[in-house]
Undergrad: 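Sending over a structure as structure tokens; questions will come in a sec.
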Number of protein chains: 2
Amino acid sequence: MSENQRVRTKKTVEERRQDILEAALKVFSENGYKGATTAEIARQAGVAEGTIFRHFATKKELLTAVLEPKIVESLIVLDQEKRESSPEEFFRCFLKNRLELMQENADLFRLMFAEAQYHSEVREAMFHGILGPGIGLIKPWFDKGIAQGVFKPLPFIPTMRSFMGMAMFYGVFGFLFPNLSPEKTVDEAADHIAELFLHGLVRADS
Amino acid sequence: MSENQRVRTKKTVEERRQDILEAALKVFSENGYKGATTAEIARQAGVAEGTIFRHFATKKELLTAVLEPKIVESLIVLDQEKRESSPEEFFRCFLKNRLELMQENADLFRLMFAEAQYHSEVREAMFHGILGPGIGLIKPWFDKGIAQGVFKPLPFIPTMRSFMGMAMFYGVFGFLFPNLSPEKTVDEAADHIAELFLHGLVRADS
DNA sequence: AAAATAAGTGAGTAATCACTCATTTAGATA
DNA sequence: TATCTAAATGAGTGATTACTCACTTATTTT
């Protein structure tokens, strides 16, 4: 009778919220938004199912709540690198920083890209939280490199799209085909991607 | 009483199968695998729900059936380009061909990448149907370029991963943020990606 | 200590969904 | 035309699920 007693630990509202968000990210990223059940999230968070709906009105609100904080957080780190002056050096720092962030939050990024296809809220969060600010940060660097004659005068958006593709796919590929992913460290990957993106596959002297 | 009469057109078994597969791809790619309902697929295919299960035992079998034919088809086109000799020229042809295929089957590729996260069957289909053969085709070209001294001796898998990232993301990005996608033609995009991948962003003479 | 407030609970609910099967229909065959 | 067969149908079913709400438990206030 007293078998299935939940031990009710005392936690602040904020701590409970975090427990739920943490569990939600795990369950969402393992099963997708539709494949995840609120019952399973509650189980993993160590709360009753009803508790979830005391903190988040709907399942969808829980999804956006999972994505938003990390999206915002992802911007803060950037400003520190602004001081670097050489366009090439700036890029290497920036790339390494981005890859680390994506490595640490691989679950979240995979979830974000999968669900962006189906939920306009997610697309808008990506646009306003990542793409927009990211462009604002990197466009001046790009223009400066062209003005200095260091970069080719390539169109900005397509170039950034290629860059994002390389960076994003690093994380996705590693998850989908771990046995095909030889690199041990993020640094190795960053060096390799930077070399390709800046100087290409073809040898300079050929 | 005779209001909701379905007009039963005479079709071969294969035609019905194709109708269902076509509708399934549409509904799956709009809502994701879990978000799609067999009722909606039946509606869009113009058949009764039960008919679906006469052609496919389960919903999941329908998913794999949607993905497989296109995966196989995607390989056939490749062999034709083998004749090209210059490594650079081969790459441009190959890339253009891949981008066209992805443009034509954008729904399918987006679905495939989203669902690969959650279904090992999809991952395996991707691996055996796309990645494996793709590697078998392009590895000799890559090695030859290095042997000729045209390419840098970069590691193969990470280089291909970057290439795939650029190519895949072209389609995904265009879907997620159409207003940010300036290119009108696949050719333009192919030229741009080829330039970046082969020669990089930095000017050769700088 | 009693009362009031806040947070948590989990059985219950209505809706949804993949899948079944007894029946109907269309076309081939005799 | 009558009979047979395979394909198609769609109402029905059991399982699942997001969400509710009457109630319990813990904390704060009086």
Side-chain angles (χ1 to χ4, degrees), chain A residues 1-28 30-66 115 118-119 121-122, chain B residues 1-28 30-66 115 118-119 121-122:
Chain A
M1 242 162 286
S2 65
E3 200 169 344
N4 207 4
Q5 294 273 355
R6 183 188 303 284
V7 180
R8 192 133 101 186
T9 56
K10 54 178 174 183
K11 290 196 174 182
T12 68
V13 172
E14 191 51 35
E15 281 169 334
R16 272 273 136 75
R17 216 185 117 94
Q18 287 308 320
D19 288 349
I20 294 170
L21 283 174
E22 200 176 311
L25 172 57
K26 182 151 182 281
V27 178
F28 278 148
E30 275 167 6
N31 306 95
Y33 172 72
K34 275 274 188 177
T37 68
T38 51
E40 175 66 10
I41 293 171
R43 212 185 56 73
Q44 295 221 23
V47 300
E49 201 172 352
T51 305
I52 288 181
F53 293 95
R54 218 155 255 288
H55 291 260
F56 306 94
T58 63
K59 189 187 174 189
K60 193 152 210 172
E61 194 175 304
L62 185 52
L63 173 68
T64 58
V66 163
E115 298 304 333
Y118 314 122
H119 310 283
E121 305 95 313
V122 176
Chain B
M1 238 162 291
S2 65
E3 198 170 346
N4 207 5
Q5 294 273 356
R6 185 188 301 284
V7 181
R8 195 132 102 185
T9 57
K10 54 178 173 184
K11 291 198 174 182
T12 68
V13 172
E14 191 52 34
E15 281 170 333
R16 271 272 137 74
R17 215 184 118 93
Q18 288 306 320
D19 287 349
I20 293 170
L21 283 174
E22 201 177 310
L25 172 56
K26 181 151 181 281
V27 178
F28 279 148
E30 276 168 4
N31 307 96
Y33 173 72
K34 274 275 185 174
T37 68
T38 51
E40 175 67 10
I41 294 171
R43 210 185 56 74
Q44 295 222 22
V47 301
E49 201 171 351
T51 306
I52 289 181
F53 294 96
R54 211 157 262 288
H55 292 260
F56 306 94
T58 63
K59 188 187 175 190
K60 192 151 210 172
E61 194 176 303
L62 185 53
L63 173 68
T64 58
V66 163
E115 298 304 334
Y118 314 121
H119 311 284
E121 305 96 313
V122 177

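FYI, side chains are in, hydrogens and waters are out, and symmetry mates aren't considered; it's all heavy atoms of this structure. Chain letters run A, B, ... following the sequence lines, proteins first and then strands; every chain starts at 1.
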Undergrad: Between the protein and nucleotides 14-18 of chain D, which nitrogen or oxygen pairs come in under 3.5 angstrom?
TA:
unit_1, atom_1, unit_2, atom_2, d
D/dA18, OP1, A/Ala36, O, 3.0
D/dA18, OP1, A/Lys59, NZ, 2.9
D/dA18, OP2, A/Thr38, N, 2.9
D/dA18, OP2, A/Thr38, OG1, 3.0

Undergrad: From CZ of A/Arg17 over to C1' of C/dG8, roughly how many Å is that when rounded to an integer?
TA: 17 Å
Undergrad: Rounded off to whole Å, could you give me the CD-to-C1' distance for the A/Glu15 and C/dG8 pair?
TA: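 After rounding, the reported distance stands at 15 Å.
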Undergrad: Figure out the CD/P separation between B/Glu61 and C/dC19, and round it to whole Å.
TA: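 These atoms are roughly 10 Å apart.
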Undergrad: Rounding to an integer number of Å, can you tell me how far B/Arg43 CZ sits from D/dA8 P?
TA: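 To the nearest whole Å, that distance equals 19 Å.
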Undergrad: Regarding A/Thr64 and A/Glu121, is there a side-chain donor-to-acceptor distance under 3.5 Å anywhere?
TA: no
Undergrad: Write down the distance between CG (A/Leu62) and P (D/dC19), rounded to a whole number of angstrom.
TA: 10 Å
Undergrad: Would you sort out whether A/Gln18 and A/Glu14 count as a side chain to side chain donor-acceptor pair (under 3.5 Å), showing the intermediate values?
TA: CA-CA 6 Å; A/Gln18 287 308 320; A/Glu14 191 51 35; 3.1 Å; yes
Undergrad: I need the CD1-P distance between A/Ile20 and C/dT9, as an integer number of Å.
TA: 9 Å
Undergrad: Kindly write out the residues that satisfy ring pair (Phe, Tyr, Trp, His ring centres under 6.0 Å) with B/Phe28, not counting sequence neighbours, or none if the list is empty.
TA: B/Tyr33
Undergrad: Once you round it to whole Å, what is the distance between P of C/dT23 and CZ of B/Arg54?
TA: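 Those two atoms, CZ and P, are 15 Å apart.
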Undergrad: Starting from C1' on D/dC19, measure out to CD1 on A/Ile41 and report it in whole angstrom.
TA: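 So the two atoms are 13 Å apart, to the nearest Å.
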Undergrad: Return the minimal non-hydrogen interatomic distance between B/Ala39 and B/Glu49, and the atom names on each side.
TA: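 Smallest heavy-atom distance, with atoms named: N-OE2, 3.5 Å.
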Undergrad: Flag the pair A/Asn31 / A/Thr37 as yes when at least one side-chain heavy-atom distance between them is below 4.5 Å, and no otherwise.
TA: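 Of all side-chain heavy-atom pairs linking A/Thr37 with A/Asn31, none is under 4.5 Å.
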Undergrad: Check side-chain hydrogen bond (donor to acceptor under 3.5 Å, both in side chains) between B/Glu61 and all other residues, then give those that pass, not counting sequence neighbours.
TA: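 Partners of B/Glu61 by the side-chain hydrogen bond (donor to acceptor under 3.5 Å, both in side chains) criterion come out as none, since no residue qualifies.
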Undergrad: Is there a side-chain polar atom (N or O) of A/Arg16 under 4.0 Å from OP1 or OP2 of C/dA7?
TA: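 No, outside the criterion.
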Undergrad: Measuring to OP1 and OP2 of D/dA8, would you say a side-chain N or O of B/His55 lies under 4.0 angstrom away?
TA: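 Answer is yes, contact under 4.0 Å.
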